[in-house]
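Below you'll find the structure, written out as structure tokens, and then a few comments.
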Amino acid sequence: MSDGDSSNITRGNFDKMDSAIIKNTTESKLYEIKRIGRETKMALVKPKQYDWKDSNLALFGSDTEKQVKKESAEHEPAWKKAGLKPGIQIWRIVKFKVTHWQEEDFGKFYDGDSYIILNTYKEEGNEQLLFDVHFWIGKYSTQDEYGTAAYKTVELDTYLDDAPIQHREVQGHESELFRSYFKTITYLHGGADSGFRHVKPEEYQPRLFHFHGDKYGVEVKEVTRKRSNLDSTDVYILDMGAKIYLWLGKGCNKDEKFKGLQYVNSLKDERRGKKTETETLEEETTSESDEFYKALDQGDEDDFDSSSDFVSSKTEKELYRLSDQTGEMKMTLEKTGQVQQGDLKSEDVFILDIQDELFVWIGSATTYAERKNAMTYAHNYLMKTDHPLVPVSCLNEGKTTKAFHSAIAA
């Protein structure tokens with residue numbers, strides 16, 4: 001293994017096991033070590049997609065999990081400068097720890113990682129600081145990573161005296177609010193330690209980016225470096241490290257072209273001081289023997305997919321009430337269709353499912369435990385639906401968001 005190996009396995013304790021899984025953080029890959037007779041063999045483990053039924057997320061904040069205390073939150077070094085002034089702050093989860101994410105990479109998310117994003121702002125004419133805190137789950141993030149991100153989000157909320165509105169975001173299903181923070185959201189495969197800044201130029205693994213969209217927005221995501229992935233109606237960038245190709249499909253639109261050119265320039269800006277060559281290719285005039293095509297199908301990476309097809313089969317809003325009046329938490333369907341502010345009562349917790357987004361509204365007369373378990377209620381509810389990855393927002397009574405206001409006003 002390389003120096004990025006994060007395993008705690010030693011020869012002594014491995015002798016007591018038949019196999020073990022270790023993570024190489026430099027490559028963001030999992031390896032399984034097996035003992036077969038007297039031989040020890042190592043094999044690459046295919047990354048597991050985000051498991052929305054995973055109990056790791058269901059347990060965080062519950063009675064079986066240790067309570068988040070203000071004192072423990074104050075001992076987290078990452079929060080010392082959190083929320084002191086308006087702006088965006090991002091942290092990445094690394095080996096159960098909260099680490100700073102550099103501003104120049106805002107908007108770039110690795111599908112093997114989990115992140116915490118804090119938006120601090122002021123409303124016009126008011127000096128009070130307000131907060132939205134999101135945890136973002138990559139499609140191939142490990143259970144430990146997104147469980148830690150979820151728990152640490154509650155801890156940050158506690159550190160900021162329960163002032164933030166909490167949100168859960170899953171790759172490919174982000175809320176409109178989350179997307180508004182960034183000019184472009186880019187999905188990269190693997191983990192951040194495999195990025196250009198973290199390896200020598202000759203060791204950089206080339207990446208193929210797909211640009212697809214229109215005037216309302218262009219999505220940028222990394223795809224497997226294969227010729228078969230090229231679509232003539234879209235734009236692609238092949239980032240070789242020292243050279244960047246911009247490939248324009250014959251049917252691509254002006255918005256995709258513009259976003260592609262922007263992205264090339266941003267890559268060049270990031271690599272100032274390092275020699276970087278760029279080349280723009282038109283599909284119709286590019287030879288089949290061009291180096292661009294030769295560079296495709298050269299990698300040995302496994303197939304991966306940044307997309308997700310979870311879509312609700314329903315269109316009608318549903319309002320559920322959660323109450324523990326009987327001694328145990330029960331959920332009942334209150335109404336379907338139009339929902340109004342008057343339907344929400346201070347004594348209980350309500351789940352409003354509008355099918356492409358979910359809101360948990362926490363009444364002011366509910367218990368501390370009910371307030372801290374809001375995200376758990378949402379997760380437990382969604383895992384039984386056909387749209388488990390939709391954005392989730394948890395709002396205490398008296399707080400609102402543009403999306404929530406629209407949901408109960410429409």
Side-chain angles (χ1 to χ4, degrees), residues 88 90 101 103-111 113 115 117 119 134 136-140 167 169-190 192 195-196 206-240 243-271 276 278-286 292 295-296 304-311 356-357 389-391 402-403:
I88 301 293
I90 301 180
W101 188 241
E103 189 171 348
E104 57 265 34
D105 284 335
F106 282 12
K108 293 182 180 179
F109 296 95
Y110 286 83
D111 63 11
D113 291 333
Y115 301 80
I117 298 89
N119 176 38
H134 309 247
W136 184 93
I137 305 170
K139 188 170 184 178
Y140 297 103
H167 308 266
E169 312 283 350
V170 178
Q171 179 179 339
H173 298 266
E174 294 87 354
S175 63
E176 184 178 337
L177 174 64
F178 184 86
R179 289 183 171 274
S180 72
Y181 301 153
F182 312 103
K183 291 181 179 178
T184 303
I185 290 181
T186 305
Y187 304 135
L188 298 101
H189 187 52
F196 185 84
R207 297 177 182 272
L208 181 64
F209 294 97
H210 178 201
F211 294 72
H212 173 77
D214 51 32
K215 63 182 180 180
Y216 299 106
V218 177
E219 181 182 73
V220 185
K221 65 180 181 180
E222 185 182 354
V223 295
T224 313
R225 190 160 42 101
K226 292 184 176 181
R227 174 77 183 265
S228 59
N229 277 333
L230 297 182
D231 184 331
S232 293
T233 64
D234 293 327
V235 168
Y236 292 80
I237 284 177
L238 178 60
D239 180 8
M240 302 289 289
K243 183 163 185 175
I244 302 168
Y245 293 94
L246 174 63
W247 186 87
L248 307 176
K250 57 187 177 184
C252 70
N253 61 47
K254 60 182 178 61
D255 302 291
E256 292 162 342
K257 286 182 184 179
F258 180 72
K259 184 64 73 174
L261 286 167
Q262 272 190 329
Y263 201 81
V264 168
N265 289 331
S266 70
L267 289 175
K268 288 172 65 178
D269 287 342
E270 287 176 11
R271 296 169 192 180
T276 306
T278 63
E279 184 175 356
T280 300
L281 304 172
E282 299 271 358
E283 180 184 10
E284 291 182 306
T285 58
T286 302
F292 170 80
L296 302 178
F304 59 88
D305 183 10
S306 297
S307 63
S308 178
D309 57 359
F310 285 110
V311 178
D356 60 357
E357 193 162 355
L389 308 184
V390 298
K402 181 180 178 182

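As a basis for the values below, the full set of heavy atoms in this structure was taken, side chains included, without hydrogen atoms, waters or symmetry mates.
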side-chain contact (heavy atoms from CB on, under 4.5 Å) involving [X] - partner list, sequence neighbours excluded:
X	answer
I88	I90, F106, I117, N119, Y181
Q262	F258, K259
N229	V223, T224, K226
T233	D231

Could you report the tightest heavy-atom contact between [X] and [Y], atom names first, then the distance?
X	Y	result
Y115	K108	OH-O, 4.4 Å
A295	L238	CB-CD2, 3.6 Å
D356	P391	O-CD, 3.4 Å
W247	D234	CZ3-O, 4.0 Å

Test log, rule side chain to side chain contact (heavy atoms under 4.5 Å, CB included), inputs E270 and D105: CA-CA 9 Å; E270 287 176 11; D105 284 335; 4.3 Å; yes
Heavy-atom distance under 4.5 Å between the side chains of [X] and [Y], does that happen here?
X	Y	value
E279	Y245	yes
L248	T280	yes
E169	S175	yes

Using the test salt bridge (charged side-chain N to carboxylate O under 4.0 Å, His left out), find all partners of [X] that sit at least two apart in sequence or belong to another chain.
X	answer
E174	R179
D214	none
K268	none

Distance in Å, K243 NZ paired with T278 OG1, rounded so as to fall on 0.5 Å steps: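 Atom-to-atom, K243:NZ and T278:OG1 are 8.5 Å apart.
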Reported CD-to-CG distance for the pair E222 and L188, which is rounded to 0.5 angstrom: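 One finds 5.5 Å between CD of E222 and CG of L188.
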Can you sort out the partners of F211 under ring-ring contact (aromatic ring centres under 6.0 Å, His included), two or more places apart, ordered by chain and number?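 Once residues adjacent in sequence are excluded, the partners of F211 under the ring-ring contact (aromatic ring centres under 6.0 Å, His included) criterion are Y263.
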Going by side chain to side chain donor-acceptor pair (under 3.5 Å), name the residues that satisfy it together with [X], two or more places apart in sequence or in a different chain.
X	result
T186	none
E282	none
E219	none
R227	E288

Using side chain to side chain contact (heavy atoms under 4.5 Å, CB included), reason through W136 and D113 one step at a time and then give a plain yes or no. CA-CA 9 Å; W136 184 93; D113 291 333; 5.6 Å; no
Quick check: does any side chain N or O of [X] sit under 3.5 Å from a backbone N or O of [Y], one acting as donor and the other as acceptor?
X	Y	answer
D239	L208	no
E284	K250	no
E256	V218	no
D255	G217	no
E357	V390	no

Would you call the rings of Y140 and H189 parallel, tilted or perpendicular, taking 30° and 60° as the class edges?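 Geometry flag for H189 against Y140: perpendicular rings.
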Pair E283-S232, side-chain donor/acceptor within less than 3.5 Å: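 There is such a pair (donor and acceptor under 3.5 Å, judged by atom type) between the side chains of E283 and S232.
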Pair F178 and F109, ring centroids less than 6.0 Å apart: yes
More than 12 heavy atoms of other residues, nucleotides or ligands under 6.0 Å from NE2 of H210: yes or no? yes
